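Worksheet: one structure, shown below.
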Amino acid sequence: MAAAVRSRAAAWFCLCLLGLPRRAPAFAPQPAAGPGDGLNVLLIVVDDLRPALGCYGDKLVKSPNIDQLASQSVVFSNAYAQQAVCAPSRVSFLTGRRPDTTRLYDFYSYWRVHAGNYSTMPQYFKENGYVTLSVGKVFHPGISSNYSDDYPYSWSIPPFHPSAEKYENDKTCRGKDGKLYANLVCPVDVTEMPSGTLPDIQSTEEAIRLLNVMKTNKQKFFLAVGYHKPHIPLRYPQEFLKLYPLENITLAPDPWVPEKLPSVAYNPWTDIRQRDDVQALNVSFPYGPLPDDFQRQIRQSYYAAVSYLDMQVGLLLNALDDVGLSSSTIVVFTADHGWSLGEHGEWAKYSNFDVATRVPLMFYVPGMTTSSISRGERVFPYLDPFSHILGLVPQGQSKKVVELVSLFSTLAELAGLQVPPVCPETSFHVALCTEGASIVRYFNASEQNVEEEKDGYDDAYRCVNEEPVAFSQYPRPADTPQWNSDKPKLKDIRIMGYSMRTVDYRLTPRLLLEGHSRSRYSFLESQATQPLRSQRNASPGQRAAVNLKKGFFSQQIA
């Protein structure tokens with residue numbers, strides 16, 4: 001009887017995917033080889049950036065420099081993080097392993113000690129002759145990267161962190177009464193800030209300095225630059241508010257908590273509640289809405305912070321032109337996860353919703369995403385967001401569903417390095433492998449219609465495996481919102497939501513974790529591997545089908 005129920009559950013999901021006529025994108029196969037040896041890599045990682053960019057169709061935000069990069073890149077419109085919180089996401093895509101393999105769901109363990117001595121993406125480039133450099137927030141600082149940003153394993157020299165970073169959460173936001181507060185909404189006069197600057201400005205300056213050093217030394221480099229904004233507090237130069245008059249700011253299109261939303265799926269945005277300006281509103285926990293006018297202020301400041309970020313990216317890419325390296329450098333732009341801006345009554349990340357897991361992702365590859373570029377040719381002239389209106393169409397756009405965990409293998413292939421092998425089912429003992437397949441095969445590929453499948457559904461896995469899927473996950477301490485629902489420590493995690501995204505649908509099973517007397521890690525390992533013991537060569541789509549057949553799932557609004 002139970003087997004029949006599980007079988008019907010899997011069949012039900014197949015029918016959801018294939019029961020109606022639909023158009024699914026398909027891509028022509030591409031040659032496996034990248035542009036070859038010798039290309040540098042500039043990896044730009046942004047904190048908490050959803051695809052609120054002009055090149056992603058946002059008609060309000062002003063992001064001319066990032067849009068210009070997109071116009072020379074292949075842009076993925078359906079890219080997803082593996083967990084919508086900083087440390088787990090960054091460790092995942094920098095190691096090429098999923099959170100269940102890094103065993104990091106919070107901020108308080110170092111994967112080399114608690115999971116396995118996994119190689120990282122920059123480490124792999126370093127071992128293949130690259131000078132590897134880290135500026136700003138690349139790894140999440142603290143225990144999760146061994147208080148060293150994984151130096152010296154990953155980086156050739158100690159990573160750079162801006163000196164102004166330590167003031168991020170201080171009382172530097174001037175209120176209407178003239179006093180200083182630790183606010184969420186925090187436009188500032190930069191000249192009044194400690195040291196007269198902001199962290200992302202310092203990171204841009206250091207990255208430009210390193211580009212000049214690399215030009216002089218003529219060494220191949222892997223330079224990762226991590227920007228803080230638009231992470232909270234929304235602290236940015238106040239002049240960017242002029243780009244977004246408050247009367248032009250609308251509420252989220254769905255700003256209410258859905259009636260049938262499972263309470264376990266809700267993110268009660270506890271970090272925002274700790275800010276002085278939010279505390280002053282006395283919003284009830286957990287579902288009390290923020291006042292409409294304050295919602296507009298948050299959205300206004302988020303957009304302003306994005307335009308401030310765009311300026312930094314523009315200055316950095318302009319410097320790449322200045323040193324004559326645009327024709328020999330791969331540029332990747334992405335974020336560690338998205339951010340809710342009031343959709344379904346939520347703010348911040350900390351969930352499996354699309355607004356929290358979906359990220360911008362674009363690759364600029366000289367001679368591959370663009371025509372041949374001569375040395376010294378300007379590709380990224382700086383564009384002032386206050387005066388420039390850009391309407392460029394991306395060079396290539398893919399609707400394929402992709403994952404950040406694929407970054408490692410993708411960049412290795414693009415740089416002409418040997419792509420690391422696919423991880424075996426249990427890979428805690430394997431130093432070099434990846435759980436994300438290279439997505440280079442999707443570059444410069446045209447979409448075409450796919451005929452509706454006319455065969456039966458006798459194979460429980462086939463319907464899931466027809467198109468790529470993305471997996472995300474998020475832990476909870478309980479079924480209902482708690483003070484630690486957003487960032488539960490490992491010992492407090494009782495529920496894990498696993499979310500699967502196809503091009504058309506999202507499904508989020510909920511696994512109740514029992515047996516707390518046992519080691520948390522060993523229990524999760526057994527839960528993750530047990531269904532696959534008879535499916536050693538299972539694809540991610542097959543894994544999803546197996547998990548669906550457990551029967552413990554609930555739908556979540558995409």
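Since this is a predicted model, take the numbers as computed values, not measurements.
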So, are Asp322 and Lys215 salt-bridged, with charged N and O less than 4.0 Å apart? no
Taking the side chain from Glu346 and the backbone from Asn267, do they hold a donor-acceptor pair closer than 3.5 Å? yes
Could you please spell out the steps behind the salt bridge (Lys or Arg N to Asp or Glu O under 4.0 Å) verdict for Arg90 and Asp47? CA-CA 10 Å; Arg90 290 164 186 266; Asp47 210 343; 3.6 Å; yes
So how far is it from Ser301 OG to Leu241 CG, rounded to the nearest 0.5 Å? 5.5 Å
Partner of Leu104 under side-chain contact (heavy atoms from CB on, under 4.5 Å), chosen from Ser92, Ser144, Ser89: Ser144
Would you say Thr334's side chain and Pro360's backbone share a donor-acceptor pair under 3.5 angstrom? yes
Can we call the ring centroids of Phe125 and Phe222 under 6.0 Å apart? yes
Specify whether Tyr474 and Tyr350 have parallel, tilted or perpendicular ring planes, treating 30° as the upper limit for parallel and 60° as the lower limit for perpendicular. perpendicular
If you draw the axis of the six-membered ring of Tyr108, does the NZ or CZ of Lys489 fall within 45° of it and under 6.0 Å from the ring centre? yes
Which heavy atom in Ser472 sits nearest to a heavy atom in Ala81, and how many Å separate them? OG-O, 2.6 Å
Check for a donor-acceptor pair, side chain of Gln202 on one end and backbone N or O of Ala164 on the other, with a separation under 3.5 Å. yes
Could you walk me through whether Val91 and Tyr110 pass the side chain to side chain contact (heavy atoms under 4.5 Å, CB included) check? CA-CA 9 Å; Val91 169; Tyr110 179 41; over 6 Å; no
Just do the side chain to side chain contact (heavy atoms under 4.5 Å, CB included) check on Ile232 and Gln274 with the steps written out, would you? CA-CA 11 Å; Ile232 65 169; Gln274 297 168 17; over 6 Å; no
Evaluate Asp100 against Tyr498 for side chain to side chain donor-acceptor pair (under 3.5 Å), listing each step before the verdict. CA-CA 11 Å; Asp100 280 343; Tyr498 291 94; 2.8 Å; yes
Does the structure place the NZ or CZ of Arg97 under 6.0 Å from the centre of the six-membered ring of Tyr118, at an angle of no more than 45° from the ring's axis? yes
Can you confirm if the NZ or CZ of Arg273 lies within 45° of the ring axis of Phe285 and under 6.0 Å from the centre of its six-membered ring? no
Are Lys487 and Asp106 close enough, and set up right, to give a side chain to side chain contact (heavy atoms under 4.5 Å, CB included), and what steps lead you there? CA-CA 7 Å; Lys487 293 185 284 187; Asp106 56 16; over 6 Å; no
Taking Glu168 first and then Lys137, would you say they form a salt bridge - that is, a charged N and a carboxylate O separated by under 4.0 Å? no
Step by step, would you call Tyr236 with Met311 a side chain to side chain contact (heavy atoms under 4.5 Å, CB included)? CA-CA 11 Å; Tyr236 55 87; Met311 174 179 279; over 6 Å; no
Considering residues, nucleotides and ligands other than Phe160, do more than 12 of their heavy atoms fall under 6.0 Å from its CZ? yes
Examine distances only and state if a side-chain atom of Asp336 and a backbone atom of Cys86 form a donor-acceptor pair shorter than 3.5 Å. no
Determine the interplanar angle of the Tyr364 and Phe380 rings, folded into 0 to 90°, and report it as parallel if under 30°, tilted if 30 to 60°, perpendicular if over 60°. perpendicular
Sequence neighbours excluded, the answer for ring pair (Phe, Tyr, Trp, His ring centres under 6.0 Å) partners of Phe139 is Trp111
Ignoring hydrogens and geometry, is there a side-chain-to-backbone donor-acceptor pair from Asn146 to Ser148 under 3.5 Å? no
Other residues, nucleotides, ligands: >12 heavy atoms within 6.0 Å of Lys166 NZ: yes
State whether Lys349 and Asp48 are salt-bridged, where the test is any N-O pair (Lys NZ or Arg NE/NH1/NH2 against Asp/Glu carboxylate O) under 4.0 Å. yes
State whether the side chain of Asp321 and the backbone N or O of Val379 hold a donor-acceptor pair below 3.5 Å, judged by distance alone. yes
When you measure from the side chain of Arg358 to the backbone N and O of Ser77, does any donor-acceptor pair fall under 3.5 Å? yes
Criterion salt bridge (Lys or Arg N to Asp or Glu O under 4.0 Å) on Asp189 and Arg174, from CA distance to verdict: CA-CA 9 Å; Asp189 182 341; Arg174 195 167 298 282; over 6 Å; no
Is there a donor-acceptor pair under 3.5 Å between the side chain of Ser398 and the backbone N or O of Phe76? no
